[in-house]
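Below is one structure, written out as structure tokens; the observations come after it.
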Amino acid sequence: MQIAHDILLRSYRSMRTIRDFEERLHVEFATGEIPGFVHLYCGEEASAVGVCAHLSETDTIASTHRGHGHCIAKGVGVDGMMAEIYGRKSGVCHGKGGSMHIADLSLGMLGANGIVGGGPPLICGAALSHKVLKDGGVAVAFYGDGASNEGTTLESLNLAMVWQLPAVFVCEDNGYGEATGASYACAGTQKARAAGFGMPYFDCDGTDFFAVYEAAGQAIAHARAGNGPVMLHVNLARWYGHFEGDAMTYRVNGEVARERAEHDCLKNFRQRVTEVSLLEPSALDEIDTSVKDEIEAAVKAAKSAPLPEPADLEADVYVSY
Amino acid sequence: MSKKSFRQAINEALRQEMQRDPRVVLIGEDIAGGQGGTAGIVDAWGGVLGVTKGLYTEFGAERVFDTPISEASYIGAAVGAAATGLRPVAELMFVDFVGSCLDQIMNQAAKFRYMFGGKARTPLVIRAMYGAGFNAAAQHSQALYPLFTHIPGLKVVVPSSPYEAKGLLIEAIRDDDPVIFLENKVMYDDEEDVPDEPYSIPFGEANLTREGDDVTIVAFGRMVNFANEAADRLEKDGISCTVIDPRTTSPLDAATILECVEDTGRLVIVDESSPRCNMATDVAALVAEEAFDALKAPIRRVGPPHTPVPFATVLEKLYLPDAARIESAVRSVMAYKKTKQDA
Ligand SMILES: Cc1ncc(C[n+]2csc(CCOP(=O)(O)OP(=O)(O)O)c2C)c(N)n1
Ligand SMILES: [Mg+2]
């Protein structure tokens with residue numbers, strides 16, 4: 001498979017940005033300065049980026065409570081995101097949503113979501129808009145293995161088939177919903193669930209950018225061509241607790257360390273592209289440095305940004321009232 | 001008697017009722033936690049904030065059921081089990097998630113007895129966290145007790161302290177109707193003396209936490225603490241307040257509220273839920289209708305604005321009622337003078 005240089009560079013940058021953003025949040029959260037719940041996407045970067053590499057601003061995505069990666073991959077700026085997480089007026093949602101509700105509809109980012117299973121029905125609607133408005137867009141629902149057990153998700157698979165929507169259901173299977181393993185909570189397989197609705201199914205290693213990129217390319221092309229919805233099952237691991245503060249006693253010692261050592265999408269990407277001289281190591285180093293600076297600047301700016309003002313409390317409940 | 005947190009009080013109520021009655025079972029997401037995890041530990045979480053910790057270890061897989069993330073099915077299963085011989089206590093985690101399973105509560109559990117001509121019993125408790133003050137934002141902070149209070153057939157409990165929580169939860173489990181039991185997430189570490197032995201507090205009997213002559217304050221859940229705080233401050237200025245904790249919004253102890261308003265002639269209602277069609281409007285209507293002649297001043301409601309719960313701390317602080325706002329509402333009803341002469 002040939003991937004253009006600029007896509008490779010952009011994708012590496014995007015994965016690196018997600019990684020550094022999340023690692024930095026992990027550190028900052030421990031200081032107690034970040035309010036609320038924070039769910040980190042570390043370890044899962046290749047999924048968001050491998051999928052979104054095939055999308056433009058015309059396309060729509062819906063995310064989850066673990067949404068930072070999807071936001072970055074869809075082009076939401078880290079300054080606005082960081083400020084949002086710090087509850088600042090300059091945040092993408094003016095400090096009213098926080099980590100779990102980052103959204104930018106102008107970029108086709110329909111929002112992270114505090115409700116598990118909230119995204120898939122919305123994506124049926126977004127796909128309906130694309131279909132009726134004939135704008136050529138596709139709509140992509142990211143949802144977890146845990147969310148795959150919500151009635152809303154299963155109903156959406158059916159509805160999308162019945163209406164033959166340009167929708168892509170990306171099941172990010174990291175093996176856990178909170179502290180409960182997918183082996184306990186998910187009966188059957190995602191593959192069989194797709195088959196039950198007559199929906200085409202793709203599967204990939206979500207820690208390998210190239211695998212995701214290829215599978216997502218086929219899945220999205222299928223939906224974009226008007227052939228109806230597809231499911232893309234992405235196998236992953238999360239590197240931190242369900243949310244910050246979770247000690248992960250339910251995972252065997254060394255599980256995360258092994259994932260980090262063997263299935264680091266960034267390390268594997270670098271090895272892959274430099275081995276065959278697709279990209280120069282120096283080009284990747286440059287990205288690493290520039291992302292590091294970008295995150296540093298975003299944190300610094302967020303910490304000193306102005307807070308929302310009292311009048312903001314009652315603004316934007318309605319368009320008009 | 002010993003000091004127990006709100007969390008421990010609830011845990012103890014569940015444990016003692018499970019010991020007493022083998023039909024009491026627990027159902028919910030990660031109420032044990034760790035099943036299917038690589039460490040092979042069950043009871044890894046004991047609920048997302050640790051409230052049910054240890055109960056799986058004590059009672060095992062026949063009594064404590066972790067669920068997939070499938071609220072419609074497991075809340076519905078709890079309803080069905082309640083109608084057929086078990087006495088389930090289901091945990092919905094955050095009450096906001098009721099959006100995913102309201103049918104099973106509103107159209108099924110609440111209506112069985114009436115629709116079936118008095119033949120059904122549905123001894124079900126649904127526990128859930130409510131309330132703002134945790135920076136948990138719009139989808140994890142609502143105070144939805146008015147929503148349930150609105151539905152005939154449901155009983156609704158909003159405990160205001162660890163002592164209240166234990167006694168009211170035991171009552172809820174022994175009650176033969178579906179009960180919604182709402183725990184303010186900010187209060188889990190609050191402590192007070194709680195008896196070790198089981199006890200129950202009857203529904204529909206309000207508790208007077210302060211008794212005074214000038215103003216009646218009706219407050220719900222966590223707001224009772226703020227009302228007490230305000231009353232203590234006002235006392236120093238010679239304004240004496242009665243503080244009523246109704247304990248349950250359905251049934252509501254209307255008689256006690258009316259009696260106190262008859263005595264004081266002034267009423268302030270403190271309700272953390274969204275202000276339209278909430279408990280404050282409900283109590284205000286009751287008093288306007290039944291105790292109009294006793295009123296020396298307009299009824300004042302203290303509550304949040306008609307907005308979703310904001311994330312940023314500064315905004316969330318503005319959103320939530322506090323002791324200072326209650327205090328100023330009380331002062332304003334005290335300062336009220338009728339301008340028009342009564343005919
Ligand atoms: C309707 C609903 N139920 C439960 C929750 C609590 N909750 C938040 S995230 C989560 C686990 C989701 O697991 P999964 O879909 O696998 O996503 P992951 O966290 O693994 O990324 C749960 C149960 C919720 N937010 N919404
Ligand atoms: Mg998961």
Side-chain angles (χ1 to χ4, degrees), chain A residues 34-37 84 86-89 91 93-101 113-118 144-152 154 175-187 242-243 246-253 255 307-310 312-317 321, chain B residues 28-49 66-74 76 93-94 96-101 103-104 133-142 274 304-320:
Chain A
I34 295 179
F37 293 107
E84 185 60 35
Y86 274 86
R88 304 294 159 153
K89 184 159 175 127
C93 307
H94 305 314
K96 285 164 127 173
S99 163
M100 260 194 293
H101 305 296
N113 210 312
I115 301 299
V116 170
D145 48 288
S148 78
N149 298 321
E150 285 284 10
T152 50
L154 294 157
Y176 291 93
E178 290 186 349
T180 296
S183 65
Y184 171 85
C186 297
H242 168 64
F243 42 42
D246 169 17
M248 286 200 286
T249 52
Y250 48 89
R251 296 176 79 172
V252 76
N253 267 341
E255 181 176 317
L307 297 169
E309 289 147 39
D312 294 326
L313 177 60
E314 298 195 45
D316 292 330
V317 181
Y321 197 58
Chain B
E29 291 167 15
D30 286 299
I31 54 169
Q35 314 228 44
T38 45
I41 298 171
V42 184
D43 216 352
W45 270 16
V48 73
L49 294 185
D66 267 336
T67 71
I69 309 173
S70 311
E71 291 80 12
S73 71
Y74 83 75
M93 205 182 300
F94 292 82
D96 314 69
F97 305 164
V98 75
S100 307
C101 56
D103 174 69
Q104 295 293 325
F134 218 69
N135 295 106
Q139 295 175 339
H140 287 73
S141 301
Q142 296 168 88
S274 291
H306 183 60
T307 76
V309 181
F311 166 69
T313 308
V314 276
L315 297 182
E316 199 183 28
K317 279 214 174 97
L318 277 177
Y319 174 92
L320 256 186

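Scope of the values below: all heavy atoms of this structure, side chains included, with no hydrogens, waters or symmetry mates. Note on naming: letters A, B, ... go to the chains in the order of the sequence lines (proteins, then strands), and numbering restarts at 1 for each one.
Using a 4.5 Å cut-off between heavy atoms, B:E71 touches chain A through backbone and side chain atoms alike. In this structure, no portion of B:A72 lies under 4.5 Å from any heavy atom of chain A. For A:T180, the parts lying under 4.5 angstrom from a heavy atom of chain B are both the backbone and the side chain. Interface remark: B:S73 contributes no atoms to any contact with chain A (heavy atom separation under 4.5 Å). Contact of A:N113 with chain B is made through backbone and side chain together, with heavy-atom distances under 4.5 Å.
Of the residues considered (B:A137, B:A32, B:G36), B:G36 shows the highest number of contacts with chain A, using heavy-atom pairs under 4.5 Å. Chain A forms the most heavy-atom pairs under 4.5 Å with one residue out of B:V314, B:I41, B:L315, and that residue is B:L315. The greatest number of non-hydrogen atom pairs below 4.5 Å with chain B, out of A:N253, A:L154, A:D316, A:I115, is found for A:I115. Here A:G95 is the residue among A:G95, A:S183, A:G91 with the most heavy-atom pairs under 4.5 Å with chain B. Looking only at heavy-atom pairs under 4.5 Å with chain B, the residue among A:A185, A:A179, A:G181 that has the most is A:A179. With chain B as the partner, the residue from A:E309, A:H101, A:M248 showing the most heavy-atom pairs under 4.5 Å is A:H101. Of all the listed residues (A:G144, A:G177, A:G97, A:G151), the one sharing the greatest number of non-hydrogen pairs under 4.5 Å with chain B is A:G97. In terms of heavy-atom pairs under 4.5 Å with chain B, the best-connected choice from A:K96, A:E255, A:E178 is A:E178.
With contacts defined as side-chain heavy-atom distances shorter than 4.5 Å, the pair B:S100/A:T152 does not qualify.
When atom types are taken as modelled, the side chain of B:D96 and the backbone of B:Q142 share a donor-acceptor pair closer than 3.5 angstrom. Judged purely by atom type and a 3.5 angstrom limit, A:E84 uses its side chain to pair as donor or acceptor with the backbone of A:H94. Proximity of a side-chain donor or acceptor of B:E316 to a complementary backbone N or O of B:G133 within less than 3.5 Å is detected. The main-chain N or O of B:F311 is found under 3.5 Å from a side-chain atom of B:N135 such that the two form a donor-acceptor pair. Within the 3.5 Å criterion, the main-chain N or O of A:F243 finds no donor-acceptor partner in the side chain of A:D246.
Nearest approach of A:G114 to B:H140, heavy atoms of both residues: O-CE1, 3.0 Å. The shortest heavy-atom contact between B:D66 and B:I31 is OD1-N, 2.8 Å.
Between B:F134 and A:F37, the two ring planes are tilted [angle within 30° to 60°].
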